[in-house]
Colleague: 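Here you go, one structure.
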Amino acid sequence: MSTVATTNKKLTAYPFLTIFSIFLMFGFGYVVKPWSTVTDMGVKIIGVYLGVLLMLICTKETIWPPILGMFALLCHRYATASAMLQNWMGNSTVVMLLFILALCGALKESGAPIVMANYLMTRKITRGRPGLFLFMLFLATTILSMLTSGTASILLMYQVAGGLVDACGYDRDSKEHKFILLGIYISNIGAYMLPFKGIHLSTLAVATGIMESYGVEFNSLLYLLACCFTVVIFLILFILLMKTVFKCDLKPLANVDTSNLKGLSESGTKLNTRQALLFGAFLLGIVVLLIQMFLPKSSAVNQFLSSIGSTWPWIVIFCLLCIPHMKDGKSFINGSILLRDNAMWGTVCMIACISMCGQAMSNPDYGIRDWLLKVFTPILGNMSFVTMVIAVAVFCTILTQFLNGSPIAYVLNTICMPFACMLELEGKGNATAVCSTIVFCCFFAFITPAASSLAPLITGHPNMTTKFLWTKGWIYTAVWIVVAAVVFAFFGFIF
């Protein structure tokens, strides 16, 4: 009954939200007069931004709001029609995302991520070491979520967890099972660890747009390393707390037979030739993207890579994989089908629209940036780099337990990034570390169903309880805040 009532309420609210959102995009700038330093065009840009965010927060629509938002910017004469299309479909981040998603689709179809997960969990080094076995289980989930999708990795590893619990003789309602389920769900944050793939790219687009206006460059290596270290350290602490504080009995995991676990037993532990080539191609793309940071700027290799940008390597790698044909006459990968079936058009549209709004709001000609600085200087103006990282880690991680993280990241990046950029220009901090903390912490969400679109997979699991999440869950949330703040601040100093 409550589900039906909630659905009817949403259906009733949707038309009003839609009308109000469209009004914000097209009419806000004509009703609200310029204020403070905000110009007439600045008011219109704010209206578009608010209209798009409203639909994302309240309805989770990701296709038509950003498209209509871009059309509203065009109607407001923010840019010409050709420039708008070029900034959308010609956006290098958008094009790179499409080809990376297609390559990840090929990896998923080949079964390579599952083989790698099975490989990690069947290592001899885990025998007799239940803590290490759990770490491998969670690490396998992280890798799966990085290469496939969040929903797929969670559902698959839930199956594995169920078989694992039965093999160990645990009761399905035992605290051990609940901790394993929670660890798997949290490990799924690997879906947001890559700075060039995933729905979080639209939130990064706000930050990078503002950073560009200040002449500050987003550091992909810092983001990747900081995220990896945060997850690894947190998972180690997660397991240690299970053993020491919550007194979980992990002994049955010491010599568990993983050969018959549902979901993994059929995959084997060795990559075949096709899987190895696809995974190697994916790693090559990452290496090409990051290697420039280690090469001297005057080197021929660095100059060549700089000339082709960060998008073309992925395009070329994908095209090269399309060339070979197998013995049966089929292509090694079917490029057209992969590009068709794996494109996340909602994310593509959001990246384009939010990126344009971010660049517009940071443009001094429209006065939005100066107004934000004026309003938030009393709060953020005197913050040190470390204090800012700690503040956003606390605020984002707690608030996202009750609200979807993406809108929180949009708003906080808009507010905080001008101050973070000024800290970097003054040599007092790192803007990438601040925006990375905001984005990554906004996806650590599981305590309430409203936390994220995936949260119901843990809050609604038949063997999970609200009491468990509201007691143990908040303890782990506090641990996450400490780990994330320390790691991101540390990498902000060394980069």
Side-chain angles (χ1 to χ4, degrees), residues 21-22 24-26 28-29 39-53 55-56 61-102 195-218 220 289 306-315 339 343-369 406 409-410 413-414 417-418 421 435 439:
S21 172
I22 293 174
L24 289 174
M25 294 183 200
F26 292 92
F28 184 77
T39 65
D40 180 64
M41 178 60 74
V43 177
K44 294 175 181 176
I45 291 168
I46 291 175
V48 173
Y49 188 54
L50 293 177
V52 174
L53 281 187
M55 293 308 295
L56 176 64
E61 293 280 353
T62 59
I63 294 291
W64 72 259
I67 293 177
L68 212 55
M70 287 185 282
F71 182 65
L73 289 175
L74 176 62
C75 292
H76 295 322
R77 297 187 180 181
Y78 166 71
T80 64
S82 59
M84 290 294 294
L85 289 173
Q86 185 177 359
N87 287 334
W88 180 13
M89 291 302 178
N91 186 308
S92 60
T93 302
V94 167
V95 177
M96 180 172 66
L97 176 63
L98 291 174
F99 280 91
I100 290 175
L101 288 172
F196 45 78
K197 171 190 174 289
I199 61 173
H200 58 293
L201 289 187
S202 60
T203 61
L204 283 175
V206 180
T208 54
I210 295 173
M211 291 169 72
E212 287 174 8
S213 70
Y214 280 88
V216 176
E217 187 176 349
F218 178 80
S220 297
L289 184 68
S306 298
S307 67
I308 63 175
S310 58
T311 301
W312 272 105
W314 290 104
I315 298 174
L339 284 167
M344 297 170 60
W345 287 110
T347 302
V348 166
C349 295
M350 288 301 300
I351 289 174
C353 181
I354 295 298
S355 178
M356 291 181 202
C357 289
Q359 292 173 358
M361 288 190 291
S362 60
N363 190 325
D365 294 339
Y366 305 132
I368 302 173
R369 187 178 76 182
S406 293
Y410 293 137
N413 274 324
T414 302
M417 288 316 296
C421 290
C435 79
V439 171

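Numbers here simply count residues along the sequence, with the first being 1. Any value given below was found using the heavy atoms of this structure, including those in side chains, with hydrogens, waters and symmetry copies removed.
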Colleague: At their closest point, which heavy atom of F26 faces which heavy atom of A72, and how far apart are they?
Modeller: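 Shortest heavy-atom separation between F26 and A72 comes out as CE2-CA, 3.6 Å.
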
Colleague: Can you measure from CD1 (I351) to CG (N87) and round to the nearest 0.5 angstrom?
Modeller: 13.5 Å

Colleague: Do C349 and T62 come within less than 4.5 Å of each other through their side chains, counting heavy atoms only?
Modeller: no

Colleague: Would you compute the distance between atom CD of Q359 and atom OH of Y78 and round it to the nearest 0.5 angstrom?
Modeller: 6.0 Å

Colleague: Can you see which heavy atom on C435 is nearest to which on M211, and at what distance?
Modeller: SG-SD, 4.5 Å

Colleague: Which heavy atom of G209 sits nearest a heavy atom of S362, and at what distance?
Modeller: O-OG, 3.7 Å

Colleague: Please name the pair of heavy atoms, one in P418 and one in N413, separated by the smallest distance, quoted to 0.1 Å.
Modeller: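 Nearest pair, atom of P418 first, then N413: CD-O, 4.2 Å.
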
Colleague: Got a second to check how far I210's CD1 is from T414's OG1, nearest 0.5 Å?
Modeller: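 So the gap between those two atoms works out to 5.0 Å.
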
Colleague: Is there a side-chain contact (heavy atoms from CB on, under 4.5 Å) between F196 and T93? Walk through the geometry before answering.
Modeller: CA-CA 8 Å; F196 45 78; T93 302; over 6 Å; no

Colleague: Can you tell me how far OG1 of T311 sits from CG of L98, rounded to the nearest 0.5 angstrom?
Modeller: 10.0 Å

Colleague: Please confirm whether the backbone N or O of A205 pairs with a side-chain atom of T208, one donor and one acceptor, at under 3.5 Å?
Modeller: yes

Colleague: Does any part of the side chain of I67, heavy atoms only, come nearer than 4.5 Å to the side chain of W345, both counted from C-beta?
Modeller: no

Colleague: Do the side chains of W64 and M55 get nearer than 4.5 Å, heavy atoms only?
Modeller: yes

Colleague: Is there a side-chain contact between V348 and W88, using heavy atoms and a 4.5 Å cut-off?
Modeller: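 V348 reaches W88 side chain to side chain.
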
Colleague: Distance from L85 atom CG to T80 atom OG1, nearest 0.5 Å?
Modeller: 9.0 Å

Colleague: Could you tell me the separation between the SG atom of C353 and the CE atom of M25, rounded to the nearest 0.5 Å?
Modeller: 7.5 Å

Colleague: Is any side-chain heavy atom of V43 less than 4.5 Å from a side-chain heavy atom of Y366?
Modeller: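 The answer is no; the side chains never approach within 4.5 Å.
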
Colleague: For a 4.5 angstrom cut-off between non-hydrogen side-chain atoms, does M84 reach L73?
Modeller: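 The answer is yes, as the side chains (C-beta and beyond) meet within the 4.5 Å cut-off.
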
Colleague: Find out whether K197 and L101 are in side-chain contact, i.e. whether some heavy atom of one side chain is under 4.5 Å from a heavy atom of the other.
Modeller: yes

Colleague: Does Y214 have more than 12 heavy atoms from other residues, nucleotides or ligands lying within 6.0 Å of its OH?
Modeller: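 Yes, the 6.0 Å shell around OH holds more than 12 heavy atoms from other groups.
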
Colleague: If you look at every heavy atom in G51 and S21, which pair is closest and at what distance?
Modeller: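 Of all heavy-atom pairs spanning G51 and S21, the closest is O-OG, 2.8 Å.
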
Colleague: Has T203 got a side-chain atom pairing as donor or acceptor with V439's backbone, closer than 3.5 angstrom?
Modeller: no

Colleague: Compare all side-chain heavy atoms of S406 with those of M350 and state whether any distance is below 4.5 angstrom.
Modeller: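 Answer no - side chains too far apart.
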
Colleague: Considering non-hydrogen atoms only, spot the tightest contact between A102 and L339 and give its length.
Modeller: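 Residues A102 and L339, closest heavy atoms: CB-CD2, 3.7 Å.
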
